[in-house]
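Below is one structure, written out as structure tokens; the observations come after it.
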Amino acid sequence: MSIGVLQTVLPVETLTPVESLEPLVREAKEGLSFDRTISRRFVHRASVTEVFLTDAAVAGADRFLVGAQLPRNHALYRPETTGQCDFMLLVETVRQAGIFLSHRYHDVPLGHHFIFKALSLRIGDPAALRVGCGPLAVVLDVKVVTPAGGRNPRRFDARFDMVVEVDGRECARASAGVVVIDGVRYGRLRQRGRVAEAAPVEPGAPAYGTAASADDRSVLRPVPAAEERARPAGAREWRLHVDPAHPGYFEHPSDHVPGMLLLEAFRQAARETTGGAALTSLDADFAVFGELAEAVAVEAAPTEDGRVRLSATQGGRVLATAVARCA
């Protein structure tokens, strides 16, 4: 992998108009390599096959370019019925980009814990994301926004605003907000917020709901009959299937319900509510950690403007909420 540094070729005159730098930015985008992935450590993956980022370059003050290669097919991420790449594959790429840039360019030590506060993705040009005869080369043009007043040495707060491009054509926009803390602070945070747990979930044992679906990507299970309740017209409810041995949703061990698992549940709930249509946008906010040993309820309700409101709750606590749109 070659990590390019665009700043070394940019004019040094401080009064140079920003517009004049755009040709150099375009040249840097074209120079990104898609030959091999970056180190899995920089995106918190255990397996190299789960790494989608390939290269990066600095494009200015807090602006970065990230290259990614999206596979045509994947154990978790498969082409939509519309022919475009899996919505959640783009979400995972956005997640990886935020983590990578934090480590590579903002000196966040490996081993620190990333807590995602919010994540959104909106597809504007689905045709540009259509799966063809080979993997999709994607460029993320990223602006990193950090709090004013200097960095707190004990934590890193940032928002990553991204423009997603394919062949120079903008096809989506995304944003991810994170807080990063060290292991000591993370341990204290988890201890303070953890609810009383039942016996630990054994790896390989089905967690909540009925027997596993024929599609091992399915994470929603029917509500047990004893827990059924009246709901507003059109509203749906499920139980989240949590399997700590799942090779995708638990790609590496976790002491809580992974955020990507909640987002996948939201995607599946939105599609169920709208009749199986593909997602075009998802705006999610995370509130608290979900514990592995307690059931999670996933709810969806259509809105009058065609969107779907979603929530994940556990023991009366709201873990995450989202608004999705399907097409």
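We number each residue from 1, following the sequence as shown.
Contact of the Val257 side chain with the Leu240 side chain is registered, since non-hydrogen atoms from C-beta on lie closer than 4.5 Å. Counting heavy atoms from C-beta on, the side chains of Trp238 and Arg221 never come closer than 4.5 Å. Taking 4.5 Å as the limit, every side-chain heavy atom of Thr93 sits out of range of all side-chain heavy atoms of Val138. For the pair Phe100/Val142, no side-chain contact is recorded, criterion being any heavy-atom separation below 4.5 Å from C-beta on. Between Pro135 and Pro71 there is no side-chain heavy-atom pair separated by less than 4.5 Å. No side-chain heavy atom of Arg104 sits under 4.5 Å from any side-chain heavy atom of Ile38. Contact annotation: the side chain of Gln268 approaches that of Val219 to within less than 4.5 Å [non-hydrogen atoms, C-beta and beyond]. Counting only heavy atoms from C-beta outward, the side chains of Leu76 and Tyr249 approach each other to under 4.5 Å.
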- Begin from the C-alpha positions of Asp157 and Thr146 and carry the test side-chain contact (heavy atoms from CB on, under 4.5 Å) through to its verdict. CA-CA 6 Å; Asp157 292 76; Thr146 54; over 6 Å; no
- Task: Could you walk me through whether Val145 and Asp161 pass side-chain contact (heavy atoms from CB on, under 4.5 Å), step by step?
- Result: CA-CA 8 Å; Val145 182; Asp161 296 331; 3.9 Å; yes
- Message: Please determine whether side-chain contact (heavy atoms from CB on, under 4.5 Å) holds for the pair Phe52 and Tyr77, giving the CA-CA distance in whole Å, both sets of side-chain angles, and the decisive distance to 0.1 Å.
- Response: CA-CA 12 Å; Phe52 305 124; Tyr77 312 120; 4.1 Å; yes
- In sequence, state the C-alpha distance, the side-chain angles, and the governing distance for Asp35 and Thr54, and then conclude on side-chain contact (heavy atoms from CB on, under 4.5 Å). CA-CA 7 Å; Asp35 289 340; Thr54 61; over 6 Å; no
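With hydrophobic clusters built from ILVMFWY side chains whose heavy atoms lie under 4.5 angstrom apart, Val131 does not share a cluster with Leu89. Transitive grouping of hydrophobic side chains (ILVMFWY, heavy atoms separated by less than 4.5 Å) brings Leu110 and Val178 into a common cluster. Residues Val144 and Ile99 share a single hydrophobic cluster, defined by chaining ILVMFWY side chains whose heavy atoms lie under 4.5 Å apart. If you chain together hydrophobic residues whose side chains sit under 4.5 Å apart, Val184 and Val180 never meet in one group. Follow the hydrophobic side-chain contacts under 4.5 Å out from Phe286 and you reach Val288 in the same cluster.
Glu237 places no side-chain N or O within donor-acceptor distance of the main-chain N or O of Val223, the cut-off being under 3.5 Å. Formation of a donor-acceptor pair under 3.5 Å by the His246 side chain with backbone atoms of Gly248 is found in this model. Formation of a donor-acceptor pair under 3.5 Å by the Glu80 side chain with backbone atoms of Phe87 is found in this model. Proximity of a side-chain donor or acceptor of Thr303 to a complementary backbone N or O of Arg307 within less than 3.5 Å is detected. Although no hydrogens or angles enter the test, the distance criterion places no donor-acceptor pair under 3.5 Å between the side chain of Ser175 and the main chain of Ser120. Although no hydrogens or angles enter the test, the distance criterion places no donor-acceptor pair under 3.5 Å between the side chain of Lys117 and the main chain of Ala287. A donor-acceptor contact shorter than 3.5 Å is absent between the side chain of Glu264 and the backbone of Gly259.
Annotation: Arg122, atom CZ; neighbour count of heavy atoms from other residues, nucleotides and ligands within 6.0 Å does not exceed 12. Residue Glu170 places its CD atom among more than 12 non-hydrogen atoms of other residues, nucleotides or ligands, all under 6.0 Å distant.
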Do any side-chain atoms of residues 319-327 form donor-acceptor pairs under 3.5 angstrom with protein atoms, and if so which ones, sequence neighbours left out?
residue	atom	partner	partner atom	Å
Arg325	NH1	Asp305	O	3.2

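Rounded to the nearest 0.5 Å, atoms CG (Leu53) and CZ (Phe42) are 11.5 Å apart. Of the inter-residue distances, the one linking Leu90 atom CG with Leu121 atom CG reads 5.5 Å to the nearest 0.5 angstrom. Interatomic distance, CZ of Arg95 versus CZ of Phe116, reported as 6.0 Å (0.5 Å rounding). From Leu32, atom CG reaches atom CD of Glu27 across 11.5 Å, with rounding to the nearest 0.5 Å. Remark: Tyr105 OH to Asp62 CG distance equals 12.5 Å, nearest 0.5 Å. Separating the OG atom in Ser311 from the CG atom in Asp285 is a distance of 12.5 Å, to the nearest 0.5 Å.
For the side-chain hydrogen bond (donor to acceptor under 3.5 Å, both in side chains) with Asp86, the qualifying choice from Arg267, Arg78, His74 is Arg267, the only one to do so.
There is no side-chain donor-acceptor pair under 3.5 Å between Arg188 and Gln191. Using modelled atom types and a 3.5 Å distance limit, the side chains of Gln96 and Glu92 yield a donor-acceptor pair. Using modelled atom types and a 3.5 Å distance limit, the side chains of Ser47 and Thr49 yield a donor-acceptor pair.
Taking 4.0 Å as the cut-off between side-chain N and carboxylate O, Arg239 and Glu227 count as a salt-bridged pair. Electrostatic pairing of Arg229 and Glu299 counts as a salt bridge here, judged by a charged N lying under 4.0 Å from a carboxylate O. For Arg169 and Asp125, the salt-bridge test passes: some basic side-chain N is under 4.0 Å from an acidic carboxylate O. The pair Glu251-Arg40 does not meet the salt-bridge criterion, since no charged nitrogen lies less than 4.0 angstrom from a carboxylate oxygen.
Contact detail for Ala270 and Leu310: the closest heavy-atom pair is N-CD2, 3.9 Å. Gly98 approaches Met162 most closely through the heavy-atom pair N-CE, 4.0 Å. Closest heavy-atom contact between Ala61 and Lys143: O-NZ, 3.1 Å. Heavy-atom minimum distance, Asp243 versus Phe250: O-CD1, 3.1 Å. Leu292 and Ser254 make their closest contact through CD1-O, 3.3 Å (heavy atoms, listed as atom of the first residue, atom of the second, distance). When every heavy atom of Leu263 is checked against every heavy atom of Ala284, the shortest pair comes out as CD2-CB, 3.5 Å.
Taking the ring centre of Phe289 as origin, the terminal cationic atom of Arg190 falls inside the region bounded by 6.0 Å and 45° from the ring axis.
Ring geometry for His113 versus Tyr186: interplanar angle under 30°, hence parallel rather than tilted (30 to 60°).
Aromatic rings from His103 and Phe114 are positioned such that their centres are separated by under 6.0 Å.
Applying the salt bridge (charged side-chain N to carboxylate O under 4.0 Å, His left out) test to every pair with at least one member in residues 126-141, sequence neighbours left out, gives these pairs: Lys29-Asp141, Arg63-Asp141.
Looking at residues two or more places apart in sequence or on another chain, you find no salt bridge (charged side-chain N to carboxylate O under 4.0 Å, His left out) involving Arg26.
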